[in-house]
Amino acid sequence: MATFELYRRSTIGMCLTETLDEMVQNGTLSPELAIQVLVQFDKSMTEALESQVKSKVTIKGHLHTYRFCDNVWTFILQDALFKNEESQENVGRVKIVACDSKLLTQ
Amino acid sequence: MAISSMTSTVYVSVIEDVINKVRDEFVNNGGPGESVLSELQGIWEMKMVQAGVVTGPIERSTAPKQTSGAPAPTPPVHDLNVPYEGTEEYETPTAEILFPPTPLQTPIQTPLPGMGDNSMYNIPTGPTEYPAAQDGGGATDMKSGRPPSYMPPPSPWMQQRPPLSVDVNVAYVEGRDEGDRGNSQQPLTQDFFMMSSGKRKREDFPSQYHTSGYIPQQDGAGDPAPEVFEVEVSQGSNSIKGHDILTKANREIFPQVAGSYVRIPQLDGPIPDPYEDVLSTPNIYNYQGVVNEDYNIVNTPAPNDIQAGTPAVGIQNDVGDDDDDEPPLNENDDDDLDDVEQGEELNTQHLVLAQFDKVTRTKSKWKCTLKDGIMHINNKDILFNKANGEFDF
């Protein structure tokens, strides 16, 4: 089953990638095993976001750039406002990367 | 940074889920074992705490001592409250690693006997190496001061030569076969002077070289009057001026010869600091400044003390350069202008990773529905299950 490697760019994904890189360079871990861990991370992260997270967010802003390539939307917003139930955040510039959710269910 | 408890909880559960799911591969089938798995988990969690996305200490729901029959000993429990101490291998590269020390410690030969003080071009020969200048046709023409490494020590015939070192004139024959340097040095000398007189008669001089043992200078005194060399532009203006500068430089460094490496004036701009952005284009507007002030700059990044003059010149020219229409090109030119490219590098800045359900557009109004996303904005991690976006283009 294919996974979205998208979440590897998050903080948690980067921490895992760095850790695995260190261990592979160290020789503690084989590269194949590191890749297996990353794939498992993709699955676990996706599943956790589906099941454990319940919050809703609204996003408003000025669209500076949009791109759709390889079934991936990339938006760059300026002066964006992120609102959720608890709080809101103002961001001068934010990049949104979104993969097609239908690809996972195929 | 305020950490949402929900975010932290979810992250911890993800970590544990991943570790549990890969435990099988680690423990069975000849994997590295439970201890490596625990180490992986420990380091991962430590980094998360350091990144500030997880609130430590982390209480483990499953004890790491579950080995389910594996013969491995009890693995050590990582104390997450202790700062992670990296091993030697992960230290950031130092300047020494990035730029191996250039082997400039070769002894500088004393001036050849019989040269006298009017041998202003007498740059000592010897097996010195200048890695930066060894690329063919390098930016500086001061290669003339850098004898090739394979050149033999001064041979006796050089003592009888007129007060002109052949090395200086190597710059003028860059286009020629490099192998000539070690062998036929006299013709190079002659090329230099023949060029200055506007004619090239290289074929005349090799014969003289072989007969008399030295080549008489035919175009006048050895003093390089600047106007003499301005006629020739075959090698570019750099070489002529460089030669001129070299003349003065030689007078200066002549007494310093013993015990230090040869310093060659740099003509292609200031030396880039190893840790700064490299000046990819030679800052030609600094040319005059560098030439006049910094004689003793070698085009290598090793010593820091000789860069004292250059940054001041660089800054001065960057701020208010009235010599030309525009200030010299530097790395500041593209700030905030090239949004697309800069966007690619903003991975550490505000970022939202999610899946999209639908993206629509009406005129300039964009709407999208996202789901299962991780947002990293304002140094916070926020997770969402659903998101609605409205953007105007």
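Small disclaimer: the values here were computed from a predicted structure and weren't measured. First the proteins, then the strands, lettered A, B, ... as listed; each starts at 1.
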Subject >> From CA spacing to verdict: side chain to side chain contact (heavy atoms under 4.5 Å, CB included), Phe384(B), Asn84(A) >> reply: CA-CA 9 Å; Phe384(B) 64 82; Asn84(A) 69 356; over 6 Å; no
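- Take Lys60(A) and apply the salt bridge (charged side-chain N to carboxylate O under 4.0 Å, His left out) test, not counting sequence neighbours, and it matches Glu390(B).
- For the pair Trp44(B) (side chain) and Ile12(A) (backbone), a donor-acceptor distance under 3.5 Å is present.
- Two residues are said to be in side-chain contact when any heavy atoms from C-beta on lie closer than 4.5 Å; Ile374(B) and Met45(A) meet this criterion.
- When the candidates Ser30(A), Ser51(A), Ala80(A), Ala98(A) are compared by the number of heavy-atom contacts under 4.5 Å with chain B, Ala98(A) comes out ahead.
- Using a 4.5 Å cut-off between heavy atoms, Asn90(A) touches chain B through its backbone atoms (N, CA, C, O) alone.
- Side chain to side chain, Gln52(A) and Ser13(B) meet the donor-acceptor criterion of an N or O pair below 3.5 Å.
- For Leu6(A), the parts sitting under 4.5 Å from any heavy atom of chain B are the backbone and the side chain alike.
- Qualifying salt bridge (charged side-chain N to carboxylate O under 4.0 Å, His left out) partners for Glu18(A), counting only residues two or more places apart in sequence or in other chains: Lys47(B).
- At a heavy-atom cut-off of under 4.5 Å, chain A is reached by Asp357(B), Val359(B) from residues 357-365 of chain B, listed in order of number.
- Taking CD from Glu32(A) and CD from Glu25(B), the interatomic distance works out to 12.0 Å, rounded to the nearest 0.5 Å.
- Between Trp366(B) atom CH2 and Phe75(A) atom CZ the span is 6.0 Å, to the nearest 0.5 Å.
- Between atom CG of residue Asp372(B) and atom OH of residue Tyr7(A) there is a gap of 5.0 Å, rounded to the nearest 0.5 Å.
- The salt bridge (charged side-chain N to carboxylate O under 4.0 Å, His left out) test applied to Lys21(B) returns Asp17(B), not counting sequence neighbours.
- Atoms CD1 and CG, from Ile15(B) and Leu16(A) in turn, are 8.5 Å apart once rounded to the nearest 0.5 Å.
- Side-chain atoms of Thr19(A) do not come within 3.5 Å of backbone N or O of Gln41(B) as any donor-acceptor pair.
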